[in-house]
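Notes for the one structure printed next.
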Number of protein chains: 2
Amino acid sequence: MTNYSSYPQFFVSVDCVIFGFQDNTLKVLTHQRPYDPGRGELSLIGGFVHRDESLEDAANRILKEFTGLDNVYMRQLAAFGEVERDPGERVISIVYYVLINYGDYDEELTKQHNANWINVDELPQLCFDHNKMVEKARKELGEDIKDTPVAGKLLPRYFTLTQLQTLFESIQGQQIDKRNFRRAILEKNYLSATDMIDKQMSRRGATLYEFTNN
Amino acid sequence: MTNYSSYPQFFVSVDCVIFGFQDNTLKVLTHQRPYDPGRGELSLIGGFVHRDESLEDAANRILKEFTGLDNVYMRQLAAFGEVERDPGERVISIVYYVLINYGDYDEELTKQHNANWINVDELPQLCFDHNKMVEKARKELGEDIKDTPVAGKLLPRYFTLTQLQTLFESIQGQQIDKRNFRRAILEKNYLSATDMIDKQMSRRGATLYEFTNN
DNA sequence: TCAAAAGTGTTAAGTTTACACCCATGA
DNA sequence: TCATGGGTGTAAACTTAACACTTTTGA
């Protein structure tokens, strides 16, 4: 028979680095921690893992609870397990990074949770080791966006190439040449042009694209 | 006051995918699981996290216990947390991949633990989700070796370029052109030639190299 | 003297970067 | 008609890939 009972057990939480893109800026969803320790400090969206759910299920449940969203793109980033990372009790946290289309989340829910989007480049101090989590997630996202079509997860279904380029620029933190960007991204064949034109940004109007095999 | 006490707690283990390179083959250290569930099945080297140690400390402790080695190169790979991954109890496992020089480990210790090196390409079924762990670790190692000097961790201090190339080939699973390989690896400037010659493999002898800033 | 592994350069193909002007439109 | 963002091609630099012969030496 199994007998692990001489070993210690731990609280296990899931923290989500939820990225959104708005006003040409990469943002992270945070909220004010509603309980001690660290009550009132800024925190990533997280919660404890339940007995009957996998880590990924937990992340999905928490995400749904805070944003109303289902079926969201997420990837596990790392486990954070320093002994004193949570000054209250020993908690081991599994971190996911999550990409959502800014337009999709349920504003009522985020309000209820005191959740707010903060520019990634202007993050204040977050509780515990959450700043490290964001930093790591951002680095990872910067890699992933280069060779997988994840950028689409941060945009509405239809978008212009200029929007997409701005997204890349804000994730990578550097300017990109317009012609080179367009050639490169179109060559990858994840995009298809629609016959719609977006006139929000220019008199001339820009072709709207969408990701195929999203 | 902190009060997490309404949340469940979990056993947390660390599993190590320990890679070694011998006979021109990439190998993984496994052992026979000494307790139920899965007693006698092949398992990665692992153990439970203790209360007062970080995840990385746990990995180091376990590594020392099985191989006698300290200060070993390791990186966290992922957390595995499916509800039923361990058929005995719910256990969340944090996986590290570890690179050691095959010549360095303590053979007495590995014997005591029934540990054995197995060719990565011929792994039989391991217990639980351990095959997945190895697969993921191998993929990761394949990436890391391309742009960081981690290959050195799998080799003795002094080695020939042919040995190094064979190591790359066995990690990447494909042949590499000798001239291109040598040029590329030397350009990276992690290696320095010694004035020693290795005559094990050829009459002529091959220059021994070492990694700088190991 | 020969078998076996070590060592060594060049060319072509492909990829990445840098760079500047015309287009279409609504106000 | 003009201001604004949309759209387009080419050449140079660099990187990667393909390829074959000579060297050294111990048996």
Side-chain angles (χ1 to χ4, degrees), chain A residues 21-25 142-149 151 155-156 158-211, chain B residues 21-25 142-149 151 155-156 158-211:
Chain A
F21 185 61
Q22 196 220 13
D23 293 339
N24 293 338
T25 315
E143 297 297 319
D144 293 350
I145 207 173
K146 281 184 208 158
D147 37 48
T148 62
L155 291 172
Y158 303 111
F159 51 86
T160 66
L161 291 183
T162 302
Q163 282 176 276
L164 184 60
Q165 180 175 342
T166 311
L167 170 57
F168 269 75
E169 287 172 341
S170 67
I171 290 172
Q172 294 178 1
Q174 55 178 318
Q175 299 295 108
I176 305 173
D177 177 88
K178 183 164 52 154
R179 280 173 291 190
N180 291 341
F181 176 76
R182 285 168 181 239
R183 182 167 357 91
I185 202 88
L186 291 171
E187 269 171 6
K188 290 198 202 288
N189 283 1
Y190 353 105
L191 299 182
S192 57
T194 68
D195 50 9
M196 292 177 284
I197 301 287
D198 176 278
K199 295 227 170 186
Q200 313 253 125
M201 287 298 129
S202 70
R203 310 196 195 294
R204 173 176 175 174
T207 302
L208 284 165
Y209 286 77
E210 66 181 322
F211 275 84
Chain B
F21 184 62
Q22 196 220 14
D23 292 338
N24 293 339
T25 316
E143 297 297 318
D144 293 350
I145 206 173
K146 282 185 207 159
D147 37 48
T148 61
L155 291 172
Y158 302 112
F159 51 85
T160 66
L161 291 182
T162 302
Q163 281 175 277
L164 184 60
Q165 179 175 344
T166 312
L167 170 57
F168 269 74
E169 287 173 340
S170 67
I171 291 173
Q172 294 178 1
Q174 58 178 315
Q175 299 297 108
I176 306 174
D177 178 87
K178 184 164 50 154
R179 282 171 291 186
N180 292 341
F181 176 77
R182 285 168 181 239
R183 180 165 2 89
I185 201 88
L186 291 171
E187 268 169 8
K188 289 198 202 288
N189 283 3
Y190 343 112
L191 299 182
S192 58
T194 68
D195 50 7
M196 292 178 285
I197 301 289
D198 176 278
K199 294 229 169 187
Q200 313 253 124
M201 287 299 128
S202 70
R203 310 196 196 295
R204 175 177 174 174
T207 301
L208 284 164
Y209 285 78
E210 66 181 321
F211 274 85

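Letters A, B, ... are given to chains in the order of the sequence lines, protein chains preceding strands, and every chain is numbered from 1. Quick note: numbers below take in every heavy atom, side chains included, and nothing from hydrogens, waters or symmetry partners.
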Reported OH-to-OG1 distance for the pair B/Y209 and B/T160, which is rounded to 0.5 angstrom: 9.5 Å
Proximal nucleotide (of D/dC19, C/dA5, D/dG9) relative to the A/N180 side chain: D/dG9
Check: A/L167 main-chain N/O paired with A/S170 side-chain donor or acceptor under 3.5 Å: yes
N or O in side chain of A/R182 less than 4.0 angstrom from D/dG7 OP1/OP2: yes
Euclidean distance, atom CD of residue A/Q200 to atom P of C/dA24 [Å, nearest integer]: 22 Å
Per-nucleotide protein contact string for nucleotides 20-27 of chain D (B base, S sugar-phosphate only, - none; heavy atom under 4.0 Å): B--BBBBS
Spacing between A/F181 atom CZ and C/dT16 atom C1', to the nearest angstrom: 15 Å
Phosphate OP1/OP2 of D/dG6 contacted by A/T162 side-chain N/O (<4.0 Å): yes
Phosphate OP1/OP2 of C/dG7: any B/T207 side-chain N/O under 4.0 Å: yes
Rounded distance (nearest 0.5 Å) linking atom OG1 of B/T162 with atom CG of B/D198: 9.5 Å
Whole-Å gap separating C1' (D/dT8) and CG (A/L161): 12 Å
Separation of B/F181 CZ from B/L164 CG (nearest 0.5 Å): 4.0 Å
Nearest-angstrom distance from the residue atom CE of A/M196 to P of D/dG6: 17 Å
Under 3.5 Å donor-acceptor, A/E169 side chain and A/I176 backbone: yes
Value in whole Å for how far the C1' atom of D/dG7 lies from CG of A/D198: 15 Å
Touch class at under 4.0 angstrom, heavy-atom based, for A/T160 against every strand present: nothing
B/I197 or A/D177, whichever maps to the more 5' nucleotide of DNA chain C: B/I197
Main-chain N/O of A/N24 paired to A/T166 side chain as donor or acceptor, under 3.5 Å: no
D/dT15 base / B/R183 side chain donor-acceptor hit below 3.5 Å: no
Distance, rounded to the nearest Å, where A/M201 contributes CE and C/dG26 contributes P: 16 Å
B/L186 CG - C/dA6 P separation (whole Å): 14 Å
Worked check of side-chain contact (heavy atoms from CB on, under 4.5 Å) between A/F168 and A/I185: CA-CA 11 Å; A/F168 269 75; A/I185 202 88; 3.8 Å; yes
Distance, rounded to the nearest Å, where B/Q165 contributes CD and C/dT8 contributes P: 14 Å
